[in-house]
Amino acid sequence: MQKKIALINDLSGFGRCSLTVWLPLLSALKAECLLMPTSILSNHTAYPEFHLKDLSDELEPWIDTWSRLGVQFDCVMTGYIASPAQAERILEFFDTFDDEHPLIITDPAMADHGSLYPGLGIATVEGMKEIVKHADLITPNLTEACLLTENSYREDFSRKEIEAIAHQLEELGPHSIVITGIPSKDGETLCDYCYDANEGAEWLESPRYSQFRHGTGDVFSGVLAGLVMRGRTLAQATRTAGDFVRACLEKADEEQTPQFEGVPFELLMNTLTSMED
Ligand code: PXL
């Protein structure tokens with residue numbers, strides 16, 4: 001049966017991130033997507049300027065209407081939030097679920113390379129932490145994992161220290177955790193640490209790609225969620241989502257995609273649509 005997934009994230013008009021990434025990727029992976037935009041932006045916030053309209057006040061009637069219509073989903077996925085008020089509305093939405101709630105996946109998109117995204121403050125981090133407490137599966141990068149656990153960000157954590165951070169994240173609530181973008185000691189490779197309370201833990205290592213590009217975290221979490229819903233284990237989904245991101249980064253170089261425009265995943269959609277069950 002086709003799976004239904006509710007996507008709660010911002011809609012950025014330019015720069016390939018959030019809903020404009022999740023919707024096509026999850027549709028290609030054959031999920032039916034229901035959208036709840038938390039903000040609309042002219043473009044993502046890494047550009048020198050952006051116009052943002054916070055839709056916090058629209059979320060309550062949106063949720064109430066879905067509730068009256070009896071809309072049901074297999075999975076709910078949350079991403080970037082622009083304000084603590086959005087976290088409150090999302091928590092109210094979670095409150096409408098009964099005990100057999102949908103799988104909750106949270107990509108706590110709020111920071112990278114040791115810094116919060118422009119316009120976000122500590123109150124938003126606290127709001128994100130409250131969302132994370134309700135999630136089954138989370139996909140923080142190393143900076144976000146540090147913010148959520150109140151560890152100071154460094155690039156040179158040992159594997160043992162990362163495993164301890166994952167344990168701190170598990171204590172917040174989620175039973176599946178993927179910490180992405182962990183530099184290896186020699187800086188040559190990047191690792192993802194994958195922990196699942198039932199399936200166990202795994203370190204996945206891949207060559208470090210020279211140029212950083214925006215929106216790759218959204219590509220990763222979108223593909224991962226689609227594959228988890230298709231029954232892949234967390235480690236299988238992490239490996240395939242990571243391979244897809246690396247293929248997109250190579251394509252971006254080939255196409256000379258401007259750095260702020262993310263990755264041209266549109267050119268590789270066939271690898272997703274043709275994936276076997
Ligand atoms: O890709 C994460 C992201 C999501 N949404 C907005 C952003 C960013 C990263 O900069 O600015 C609005």
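Order of listing sets the numbers, starting from 1, for every ligand and every atom in it. Everything numeric here is computed off the predicted structure, so don't read it as measured data.
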**Prompt:** Is the shortest side-chain N to carboxylate O distance from K160 to E163 below 4.0 Å?
**Reply:** no
**Prompt:** Can you list every pair that meets salt bridge (Lys or Arg N to Asp or Glu O under 4.0 Å) and has a residue in residues 24-36, with sequence neighbours left out?
**Reply:** K4-E32
**Prompt:** Got a donor-acceptor contact below 3.5 angstrom from the E144 side chain to the N141 backbone?
**Reply:** yes
**Asked** What protein heavy atom sits nearest atom 8 (C) of ligand 1, and how far off is it?
**Response** Y117 CE1, 3.9 Å
**Prompt:** Parallel under 30°, tilted from 30 to 60°, perpendicular over 60°: which one fits the rings of Y193 and W203?
**Reply:** tilted
**L41, portion touching ligand 1 at heavy-atom distance under 4.0 Å** = side chain
**Item:** Shortest protein contact, atom 2 (C) of ligand 1 (heavy atom only)
**Value:** D218 OD2, 3.5 Å
**Prompt:** Using 4.0 Å as the upper bound for N to carboxylate O, is an ion pair formed by D253 and R213?
**Reply:** yes
**Asked** Just which atoms of ligand 1 are under 4.0 Å from any heavy atom in H44?
**Response** 7 (C), 11 (O)
**Item:** Aromatic ring pairing F212/H113, orientation class (parallel under 30°, perpendicular over 60°, tilted between)
**Value:** perpendicular
**Among T78, I177, I104, L148, side-chain contact (heavy atoms from CB on, under 4.5 Å) partner for V132** = L148
**atom 10 (O) of ligand 1 - nearest protein heavy atom and its distance** = T45 OG1, 3.7 Å
**Request:** Heavy-atom contacts with D10 under 4.0 Å: which atoms of ligand 1 show up? List them by number with element.
**Result:** 4 (C), 5 (N), 6 (C), 12 (C)
**Prompt:** Should you measure from each heavy atom of S12, which atoms of ligand 1 turn up under 4.0 Å away?
**Reply:** 12 (C)
**Fill in**
So the atoms of ligand 1 within less than 4.0 Å of a heavy atom of C17 turn out to be 1 (O), 4 (C), 5 (N)
**Asked** Which atoms of ligand 1 are found less than 4.0 Å from any heavy atom of S18?
**Response** 4 (C), 5 (N)
